[in-house]
Participant: 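Quick one: this structure, given as C-alpha cells, is what I'll be asking you about.
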Amino acid sequence: TDRESTHDEL
Amino acid sequence: MNIFRLAGDMTHLASVLVLLLKIHTIKSCAGVSLKTQELYALVFATRYLDIVTDFISVYNTVMKLIFLGSSFSIVWYIRHHRVVRRSYDKDQDTFRHYLLMIPCMLLALFVHEKFTFKEVMWTFSLYLEAVAILPQLVLLQRTRNIDNLTGQYVFLLGAYRGLYIFNWIYRYFTEPHFVHWITWIAGVVQTLLYADFFYYYFESWKNNVRLQLPA
C-alpha cells in the first residue's frame, strides 16, 4: 500500500 | 488538498506578504528578528530539496518558490539593503540560533521516517520550523513596542501551523495509513510556542490596546 505522506504538503 | 490545508497555506502566504510589505514599503525591519528569518530560509531550503525532483502540482511548486524567494529576499533586505539594515536592532536580536539548529539536526539524525539524506533534511526542517519563532518572540519581549504589522506577521505565522493540525486530523480520518507522528508532534509543539503570544494578541485586540508582551 502506498504510504500516504505529508511530503505533498508545504 | 482540503480546506484546512488551503487556509493554512493562504495564512502562511499572508504572513510572508505582510512582512515583505512592511519591509519594502516603510523600508524598516524594526522589531523583526533576522535570526528567525534566517532560520526560516534554512527551513525552506532543507524542506524543498525535492522541488526539482518530485513534481506534485503547479500549486505546490509555485508556493515553494514563493516561500523560498520571500524568505531569502527578507534576509537579504535586512542584511544588505542600505536603508532597511539601519533599522535592524542587532544588539537586541541576540538569540544564539545555532543552539537551535544543532539539536534539531541531531534529533533528525536519530528520529526520522527513513534514513536518507532528503528525509533527514526534511525532518530537520520540521524540527527547526517548530522552534524558528523563538528569536522573534524573545525580540518582541525585549523591544516591548510591537508595531501592528509585526504583530500581525507573528499571529499569521502561528495560525498557519494551527490550521495544518486540523488538516492532519482531517487526513487521518479520510486517508488510510496517514499516520505521521513526527509531523504531528512538531506541528503541535510549534503551535504551542505561540500560545502566550496568541493570548496577549487577543487580549490587546479585545481591549483595543497596544500589544505588549510581559517581560
Side-chain angles (χ1 to χ4, degrees), chain A, chain B residues 1-2 4-6 8-13 16 43-44 47-51 53-57 59-68 113-114 116 118-119 121-123 125-126 129 160-161 163-165 167-168 170-187:
Chain A
T1 57
D2 63 316
R3 195 171 47 86
E4 295 296 331
S5 160
T6 58
H7 286 25
D8 63 346
E9 296 176 345
L10 292 170
Chain B
M1 172 61 80
N2 59 66
F4 302 113
R5 185 146 68 108
L6 184 61
D9 290 342
M10 291 305 107
T11 304
H12 192 188
L13 180 64
V16 292
V43 164
F44 294 132
R47 184 168 308 174
Y48 300 153
L49 293 173
D50 61 353
I51 192 169
T53 56
D54 307 344
F55 177 79
I56 291 167
S57 69
Y59 170 82
N60 187 272
T61 302
V62 167
M63 292 297 277
K64 284 175 177 175
L65 291 172
I66 291 173
F67 289 139
L68 281 166
E113 288 190 10
K114 277 183 301 178
T116 64
K118 273 188 5 180
E119 186 70 22
M121 295 309 275
W122 185 83
T123 312
S125 85
L126 268 187
E129 188 189 2
Y160 112 82
R161 213 64 182 168
L163 289 165
Y164 254 73
I165 293 172
N167 152 63
W168 293 321
Y170 176 87
R171 292 188 73 177
Y172 174 78
F173 285 112
T174 54
E175 294 172 29
H177 321 296
F178 191 80
V179 177
H180 296 284
W181 293 112
I182 293 174
T183 309
W184 297 346
I185 292 169

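Letters A, B, ... mirror the listed sequences (proteins, then strands); counts begin at 1. Below, each value reflects all heavy atoms present in this structure, side chains not excepted, and no hydrogens, waters or symmetry copies.
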Participant: Against chain A, label B:Asn60 side chain, backbone, both or neither, depending on which of its atoms sit under 4.5 Å from a heavy atom there.
Facilitator: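 Its backbone and side chain both get close to chain A.
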Participant: Using the ring of each side chain (for Trp, its six-membered ring), is B:Tyr48 parallel, tilted or perpendicular to B:Phe44, with breaks at 30° and 60°?
Facilitator: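 Rings of B:Tyr48 and B:Phe44: parallel, under 30°.
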Participant: Just jot down the side chain to side chain donor-acceptor pair (under 3.5 Å) partners of B:Thr116, sequence neighbours excluded, or say none.
Facilitator: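 With neighbours one apart ignored, the set is empty.
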Participant: Tell me, please, which residues at least two apart from B:Val43 pass side chain to side chain contact (heavy atoms under 4.5 Å, CB included).
Facilitator: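 Partners of B:Val43 by the side chain to side chain contact (heavy atoms under 4.5 Å, CB included) criterion, ordered by chain and then number, come out as B:Arg47, B:Ser125, B:Leu128, B:Glu129.
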Participant: Go through it in stages, so that I can follow the logic: the residues are A:Glu9 and B:Trp168, the test is side chain to side chain donor-acceptor pair (under 3.5 Å), and I'd like the CA-CA distance, side-chain angles, deciding distance and then a yes or no.
Facilitator: CA-CA 10 Å; A:Glu9 296 176 345; B:Trp168 293 321; 2.9 Å; yes
Participant: So for B:Phe67, is it side chain, backbone, both, or neither that comes closer than 4.5 Å to the heavy atoms of chain A?
Facilitator: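 Just its side chain gets close to chain A.
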Participant: Chain A heavy atoms under 4.5 Å from B:Asn167: which part of the residue, side chain, backbone, both or neither?
Facilitator: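 Contact with chain A is through the side chain of B:Asn167 alone.
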